[in-house]
Amino acid sequence: HVQLVESGGGSVQDGGSLSLSCARSGEPYSRYSMAWVRQAPGKEREGIAAVDSDGTTSYADSVKGRFTISEDNAKNTLYLQMNSLKPEDTAMYYCAADEYNLGLARSYTYWGQGTQVTVSS
């Protein structure tokens with residue numbers, strides 16, 4: 001079983017930056033693919049960044065060039081660096097994990113509790 005705990009959310013002005021972290025415990029870290037998924041009020045969950053078990057990364061077009069996903073296996077931590085934030089990035093951000101490489105799909109098995117990101121204009 002895998003446990004995920006996100007941190008780092010908050011409020012920022014349009015154009016600002018935030019960094020999210022996801023601490024992972026449970027099964028050996030390197031065997032899992034990881035992703036960041038967000039959900040805005042009234043909208044479906046959207047996979048925005050993922051890293052496969054072999055290190056391959058993928059991004060949604062909506063965040064490509066502005067967000068960067070990375071991981072520190074020694075610390076069992078996943079990160080999301082978010083730059084040039086826009087009001088439309090406002091959402092609850094979730095960390096997710098799965099033993100299969102799912103890319104930007106929303107069908108991950110394990111989920112954190114989420115952290116809120118609010119971008120004001």
Side-chain angles (χ1 to χ4, degrees):
H1 191 67
V2 174
Q3 295 82 40
L4 304 170
V5 179
E6 304 96 334
S7 61
S11 298
V12 66
Q13 295 280 348
D14 188 357
S17 297
L18 279 175
S19 180
L20 305 182
S21 299
C22 172
R24 183 188 181 285
S25 60
E27 291 296 320
Y29 185 81
S30 61
R31 291 170 47 197
Y32 283 74
S33 65
M34 305 286 294
W36 289 97
V37 179
R38 68 185 181 186
Q39 186 168 22
K43 295 187 177 181
E44 292 186 349
R45 286 189 175 184
E46 174 191 19
I48 57 170
V51 54
D52 289 347
S53 57
D54 65 356
T56 301
T57 58
S58 54
Y59 297 91
D61 289 342
S62 58
V63 306
K64 197 172 295 182
R66 299 188 298 123
F67 291 10
T68 302
I69 189 171
S70 62
E71 55 187 353
D72 185 334
N73 289 337
K75 295 183 178 180
N76 286 350
T77 303
L78 180 74
Y79 302 98
L80 184 69
Q81 177 64 40
M82 304 184 293
N83 298 326
S84 303
L85 282 160
K86 307 173 182 180
E88 51 263 44
D89 293 318
T90 294
M92 185 70 77
Y93 283 69
Y94 298 91
C95 173
D98 200 280
E99 62 180 298
Y100 297 103
N101 291 326
L102 299 179
L104 300 179
R106 297 168 291 174
S107 54
Y108 281 76
T109 300
Y110 304 105
W111 293 83
Q113 82 289 350
T115 185
Q116 178 68 36
V117 171
T118 303
V119 184
S120 57
S121 57

| field | Side-chain H-bond candidate by donor/acceptor type, N101 with S53, under 3.5 Å | value | yes
| So, D89 and K86, do they make that salt bridge, N to O below 4.0 Å? | no
| task | Treat each ILVMFWY residue as a node, draw an edge where side-chain heavy atoms are under 4.5 Å apart, and state whether V2 and L80 are in one component. | result | yes
| Candidate list L78, N73, D72, test side-chain contact (heavy atoms from CB on, under 4.5 Å), partner K75, passing option | D72
| query | How close do Q113 and V5 get, heavy atom to heavy atom, and via which atoms? | reply | OE1-CA, 3.8 Å
| Any side-chain heavy-atom pair from S17 and V12 closer than 4.5 angstrom? | no
| Between E6 and G112, which heavy-atom pair has the shortest distance, and what is it? | OE2-CA, 3.2 Å
| field | Heavy-atom side-chain proximity of L4 to Y94 below 4.5 angstrom | value | no
| query | How long is the gap from OG1 on T68 to CE on M82, to the nearest 0.5 Å? | reply | 11.0 Å
| query | Considering all heavy atoms of both residues, which atom of C22 and which atom of M34 are nearest to each other, and what is their separation? | reply | SG-CE, 4.4 Å
| message | Applying a strict under-4.5 Å side-chain criterion to I, L, V, M, F, W and Y, I'd like to know whether L102 and I48 cluster together. | response | no
| Single-linkage hydrophobic cluster W111~L104, side-chain heavy atoms < 4.5 angstrom | no
| said: Testing the 3.5 Å rule here: is there a donor-acceptor pair between the side chains of D98 and T109? | reply: yes
| message | Any salt bridge linking E71 with R24? Criterion: basic side-chain nitrogen under 4.0 Å from a carboxylate oxygen. | response | no
| Between CD on residue Q116 and CD on residue Q39, distance to nearest 0.5 Å | 11.0 Å
| request: Decide whether D52 and S33 meet the rule of one side-chain donor and one side-chain acceptor closer than 3.5 Å. | output: no
| query | Are Y110 and M92 connected, step by step, through hydrophobic side chains (Ile, Leu, Val, Met, Phe, Trp, Tyr) whose heavy atoms are closer than 4.5 Å? | reply | no
| Heavy-atom closest pair, residues G103 and A35 | O-CB, 4.2 Å
| Closest non-hydrogen atom pair, A60 against E46 | CB-OE2, 4.2 Å
| query | Hey, does E88 have a side-chain heavy atom less than 4.5 Å from the side chain of V119? | reply | no
| Which atom of S62 lies closest to which atom of R38, heavy atoms considered | OG-NH2, 3.5 Å
| Shared hydrophobic cluster for F67 and Y108 (ILVMFWY, side-chain gaps under 4.5 Å) | no
